[in-house]
Amino acid sequence: FTGELGRPGTAGLVYAVLGVGSALAGLASAALPTRFRLSARLVTFAAALALLSLPLLVVGTLPLLCLAVGLFGCAVAPFLITIYALAEKTVPLERAASVMTLVASAIIVGYAIGSSTAGALGDTGGHRAALAVPVAAAALALVTSVAARRRMRRLESRRREHTQTVAHEPGPAADVH
């Protein structure tokens with residue numbers, strides 16, 4: 001898109017704005033209350049991704065693109081943080097490292113597929129076609145998150161119950177008389 005505007009060197013700026021929005025929101029997400037369950041966060045942040053991606057379809061200037069990308073970025077880190085937290089908290093501890101590796105790999109593969117698809121669409125259909133890719137990906141994230149919410153709640157509850165049971169079981173020191 002920046003090339004279509006005659007400013008191809010500013011693509012890095014646009015990507016940096018995405019990163020800044022994402023980083024700031026990621027830092028802010030550390031302050032979210034624990035009562036805001038991960039399963040609810042998943043749907044909330046997927047909805048934010050979907051909603052905040054829509055302006056990408058109508059931007060026509062570099063400043064508006066930066067604004068749209070910056071706002072979209074504000075949903076990226078909280079969504080990814082929630083995915084990683086769910087992965088950690090919904091599997092047995094002995095499988096957590098493997099699951100985290102799978103999640104990281106899936107994100108990288110998804111990014112590669114999205115980038116290559118957007119690039120191909122951008123070459124043939126212009127920036128609007130390319131920017132439709134993150135909009136479609138965000139919509140898919142929302143649909144998937146809504147579909148998975150009930151299961152995520154069950155897994156969260158099961159893990160919480162297991163953690164409380166383990167915390168209340170007497171350990172080796174309690175057996176000493």
Side-chain angles (χ1 to χ4, degrees), residues 1-2 4-5 11 13-90 99-100 102-156:
F1 177 52
T2 58
E4 289 177 29
L5 292 174
L13 169 68
V14 174
Y15 199 65
V17 170
L18 174 80
V20 169
S22 183
L24 291 174
L27 290 170
S29 68
L32 292 172
T34 55
R35 69 181 177 277
F36 186 15
R37 293 178 61 163
L38 292 173
S39 54
R41 290 181 195 192
L42 183 70
V43 174
T44 300
F45 296 136
L49 276 173
L51 181 66
L52 294 174
S53 71
L54 294 176
L56 296 174
L57 297 174
V58 296
V59 294
T61 66
L62 185 61
L64 287 177
L65 176 63
C66 286
L67 179 63
V69 166
L71 290 173
F72 179 64
C74 290
V76 172
F79 183 72
L80 291 176
I81 289 167
T82 301
I83 288 173
Y84 278 105
L86 277 166
E88 177 205 5
K89 296 193 181 307
T90 59
V99 169
M100 296 298 257
L102 286 171
V103 169
S105 298
I107 289 169
I108 291 167
V109 169
Y111 185 85
I113 291 169
S115 294
S116 61
T117 302
L121 289 173
D123 288 345
T124 60
H127 74 277
R128 293 207 197 287
L131 291 173
V133 173
V135 175
L140 179 61
L142 178 57
V143 168
T144 305
S145 297
V146 169
R149 185 174 183 191
R150 179 179 287 154
R151 179 164 169 72
M152 291 297 110
R153 272 190 280 180
R154 278 197 314 265
L155 290 170
E156 280 180 295

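Just so it is clear, the model here is predicted, and its values are computed rather than measured.
More than 12 heavy atoms of other residues, nucleotides or ligands shown are found within 6.0 angstrom of CZ on F36.
We find the CG-CG distance between L38 and L86 to be 4.5 Å, quoted to the nearest 0.5 Å. Here the CE atom belonging to M152 is positioned 9.0 Å from the OG atom belonging to S39, to the nearest 0.5 angstrom. Separation of atoms NZ (K89) and CZ (R37) is listed at 12.5 Å; rounding is to 0.5 Å.
Nearest heavy atom pair, residue S29 against residue I81, reads OG-CD1, 3.4 Å. Contact between L142 and V43 at its shortest, heavy atoms only, is CD1-O, 4.0 Å. A pairwise comparison of heavy atoms in L57 and A132 identifies CD2-CA, 3.8 Å as the closest pair. The shortest heavy-atom contact between S145 and F79 is OG-CE1, 3.7 Å. Here the shortest heavy-atom pairing between A130 and A118 reads CB-O, 3.3 Å. Nearest heavy-atom pair, G114 versus V133, reported as atom, atom and distance to 0.1 Å: O-CG1, 3.6 Å.
I113 places a side-chain heavy atom less than 4.5 Å from the side chain of V109. Two residues are said to be in side-chain contact when any heavy atoms from C-beta on lie closer than 4.5 Å; I107 and Y84 meet this criterion. Annotation: side chain of V59 is in contact with side chain of L131 (closest heavy-atom distance under 4.5 Å). Looking at L56 and P134, their side chains come closer than 4.5 Å, going by heavy atoms from C-beta outward.
Not one N or O on the side chain of T82 forms a donor-acceptor pair closer than 3.5 Å with the backbone of L42.
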